[in-house]
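For reference, the structure discussed in these notes is given below.
The shown structure was predicted, so the numbers you read here are calculated from the model rather than taken from an experiment.
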Amino acid sequence: MFSLRSLGTYTTTILFLLKSATAFGAIKSLEYSLQAQSQRGYLNSQKPEQTESVKSSDQNLSLLIKSLDMLTISPSLKFSKKDYSQTVITERNGQTRSLRDDFNGDEFSGGVSTSVSLQRSDISAALSSDLSKSPYSTQTYTGAYSYRGEYDLYKLGFAGSYAHISQPTSYYVDRNFTTRERPSYLEAVRYSAWLENVLTENLKNRITIIYGHRKQDRPNHYGFESRIAYSINSLLSTRFSVGAQKEESTALLNERGRFESKNIDLELIWSPTYRFQSSLGYGLLIENEAEKSDGSSERIGHDIYSASLSYRLYEVRPSASISYRSTNTNLHETNIGVTVKWEM
């Protein structure tokens, strides 16, 4: 999955992270996760059928450090191996090539987050950045604030994020049939506000509204999500969510159309003991793209099935998950994840 050089770098970084963490305070937990993905087919229904699977993987390592009673710090590292064979680069003369021809290496990124818990308030901030060469080099900054009501009967929160994304040089033909270069970088900004209520002993809900923009190539967008969690009995509980997003009716900036999406998710959770938990889930996502430069529109439906298992073995908690996604454009995607968390 990774070269020996990458494995050596990974091991060295783990040791350095563990040694450095002791300078800030007590290590509360160490978590490692591996995510593997296999994909066959395309989201775009006009592309030819794909016969080979596209595979990628991510490895994540994070620490939770408690420096003071109210302060926690969590550094993290991520190693990725991505297959860019489906990412198409268009030259100025109209010829295309796969991004995999330009980049087929390992990617390494890192980040750190911190949170402060006051009497009824929580304040958090985080930053992450690519630390190695990447065709889509990204730096992300996030901040959040939440307030807890008496007895935690309600919670009110606000969050914001800013991402700077560099991308490879590529061209497209606009609505006036003029060849133009895509922006060399993108700035993605997103805001959200949420309210969580405990309605009864067994029922609580959370409503989130979002607003964001990426002014270099997309109209502003807005949306909402509503989540409900219900405890059926001491063994079973369920979660249900519904959401929607839509772009504003402003001028389109490239050949792509205007996007909107709707989603529904349902999860059933079984916890027969304190140590063991399992879940089954289903999600439906419908995406619409209208007003393309060629006058066409497209609707893509995603069926997403998922399952997970977790077990607490003293201080160690291993877990595993799997999900499968299929679309009406004949895309098939499988994700498998394994996580081990050590609580010290």
*asked:* Lys155 vs Asp122, test: side-chain contact (heavy atoms from CB on, under 4.5 Å). Steps then yes/no.
replied: CA-CA 10 Å; Lys155 296 179 183 179; Asp122 295 305; over 6 Å; no
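- Shown here is Arg97, whose CZ atom has more than 12 heavy atoms of other residues, nucleotides or ligands within 6.0 Å.
- Remark: Arg239 CZ to Asp265 CG distance equals 12.0 Å, nearest 0.5 Å.
- Looking at Ser166 and Leu186, their side chains never come closer than 4.5 Å, going by heavy atoms from C-beta outward.
- Between Arg40 and His332, the side chains place no donor N or O within less than 3.5 Å of an acceptor N or O (distance only, hydrogens not considered).
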*asked:* Between Thr339 and Glu31, is the side-chain contact (heavy atoms from CB on, under 4.5 Å) condition met? List the steps.
replied: CA-CA 7 Å; Thr339 300; Glu31 183 174 311; 3.7 Å; yes
*Stepwise salt bridge (charged side-chain N to carboxylate O under 4.0 Å, His left out) test for Arg100 and Asp83*: CA-CA 7 Å; Arg100 186 179 181 180; Asp83 189 332; 3.5 Å; yes
*Apply salt bridge (charged side-chain N to carboxylate O under 4.0 Å, His left out) to the pair Asp217 and Arg214, showing each step before the final yes or no.*
CA-CA 6 Å; Asp217 67 341; Arg214 203 171 71 185; 2.9 Å; yes
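- Residues Asp303 and Ser326 bring no donor and acceptor atom of their side chains to less than 3.5 Å of each other.
- Screening Ser241, Ser279, Ser237 for a side-chain hydrogen bond (donor to acceptor under 3.5 Å, both in side chains) with Glu267, the sole residue that qualifies is Ser279.
- Leu153 and Ile207 fall into different hydrophobic clusters, where Ile, Leu, Val, Met, Phe, Trp and Tyr side chains are chained together by heavy-atom contacts under 4.5 Å.
- In this structure, Leu253 CG and Glu255 CD are separated by 11.0 Å, a value rounded to the nearest 0.5 Å.
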_Under the criterion side-chain hydrogen bond (donor to acceptor under 3.5 Å, both in side chains), I'd like the reasoning laid out for Tyr154 against Glu196: C-alpha separation, chi angles, the key distance, then a yes or no._
CA-CA 5 Å; Tyr154 73 90; Glu196 183 177 299; over 6 Å; no
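- No more than 12 heavy-atom neighbours from other residues, nucleotides or ligands sit within 6.0 angstrom of CD1 on Ile209.
- Counting only N and O atoms by type, the side chains of Glu107 and Ser134 include a donor and acceptor under 3.5 Å apart.
- At a cut-off of 3.5 Å, with distance as the only test, no side-chain donor of Ser62 or Ser74 sits close to an acceptor on the other residue.
- Ring-plane geometry between Tyr141 and Tyr162 is classed as parallel, the angle between the planes falling under 30 degrees on a 0 to 90 degree scale with a further cut at 60.
- The aromatic ring centres of His164 and Tyr185 sit less than 6.0 Å apart.
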_Gln37 vs Thr334, test: side-chain contact (heavy atoms from CB on, under 4.5 Å). Steps then yes/no._
CA-CA 6 Å; Gln37 180 187 95; Thr334 302; over 6 Å; no
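- A donor-acceptor contact closer than 3.5 angstrom links the side chains of Gln216 and Glu187.
- Between Ile264 and Val242, the shortest heavy-atom contact is CG1-CG2, 4.1 Å.
- Taking a cutoff of 4.0 Å between a charged side-chain nitrogen and a carboxylate oxygen, Arg227 and Glu225 qualify as a salt bridge.
- Gln39 and Gln86 form a side-chain donor-acceptor contact under 3.5 Å, judged by distance and modelled atom types alone.
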*Please walk me through it: do Leu77 and Asn60 pass side-chain contact (heavy atoms from CB on, under 4.5 Å)?*
CA-CA 6 Å; Leu77 298 170; Asn60 294 272; over 6 Å; no
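- Hydrophobic clustering (ILVMFWY, side-chain heavy atoms < 4.5 Å, transitive): Val198 and Tyr147 are in distinct clusters.
- In terms of heavy-atom proximity, Ser98 sits nearest to Tyr84 at OG-O, 3.3 Å.
- The shortest non-hydrogen separation linking Asp106 to Ser132 is O-OG, 4.0 Å.
- Expressed to the nearest 0.5 Å, how far CD of Glu287 lies from CD of Glu298 amounts to 9.5 Å.
- Between Ser170 and Tyr172 the shortest side-chain heavy-atom distance does not fall below 4.5 Å.
- The distance from atom CD1 of Ile269 to atom OH of Tyr230, rounded to the nearest 0.5 Å, is 14.0 Å.
- When every heavy atom of Tyr171 is checked against every heavy atom of Thr169, the shortest pair comes out as CE1-CG2, 3.9 Å.
- Distance NZ/Lys262 to CD1/Ile286: 7.5 Å, rounded to 0.5 Å.
- At a threshold of 4.5 Å between non-hydrogen side-chain atoms, the residues Val338 and Tyr32 do not count as touching.
- Across His221, Glu289, Gln245, a single residue satisfies side-chain contact (heavy atoms from CB on, under 4.5 Å) together with Ser261, and that is Gln245.
- Taking the six-membered ring where the residue is Trp, Phe79 and Phe108 present parallel rings, their angle staying beneath 30° rather than reaching 60°.
- In this structure, Arg148 places its CZ atom where more than 12 heavy-atom neighbours from other residues, nucleotides or ligands lie under 6.0 Å away.
- Taking every heavy atom of both residues into account, Phe158 and Trp194 meet most closely at N-NE1, 4.2 Å.
- In this structure, CD on Glu247 lies 13.5 Å from NE2 on His213, to the nearest 0.5 angstrom.
- Residues Ile210 and Arg190 approach most closely at CD1-NH2, 3.0 Å, considering heavy atoms.
- Looking at Tyr211 and Ser192, their side chains never come closer than 4.5 Å, going by heavy atoms from C-beta outward.
- Tyr282 and Leu280 fall into different hydrophobic clusters, where Ile, Leu, Val, Met, Phe, Trp and Tyr side chains are chained together by heavy-atom contacts under 4.5 Å.
- Both tests pass for Arg275 against the ring of Tyr314: distance under 6.0 Å to the centre and angle within 45° of the axis.
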